[in-house]
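Down below is the structure, laid out as structure tokens.
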Amino acid sequence: MAHRKINLPTKICPVCERPFSWRKKWQLNWDHVTYCSERCRNRRGNARTRTS
């Protein structure tokens, strides 16, 4: 049986503004995941201001 990744939830990284998908290692704390990578987490002070 093939694993389908099309139904995974996504979020937008506030630093690079790119979408990133749910990962199994984040299954217990997906609600608290904000950044797509450690690089973006380290650069969080340089995040662009988004206007909604």
Nearest-0.5 Å distance that lies between atom CH2 in Trp30 and atom CG in Leu8: 8.5 Å
Where Ile12 and Phe20 come nearest, the two heavy atoms and their spacing: C-CE2, 3.9 Å
Listed partners of Asn29 passing side chain to side chain contact (heavy atoms under 4.5 Å, CB included), at least two apart: Trp26, His32, Val33
Inter- and intrachain pairs under salt bridge (charged side-chain N to carboxylate O under 4.0 Å, His left out), touching residues 19-40, at least two apart: Glu38-Arg41
Note, Pro9 side chain near Ser21 side chain (heavy atom, < 4.5 Å): no
Stacked cation flag Lys11 on Trp22, 6.0 angstrom / 45 deg: no
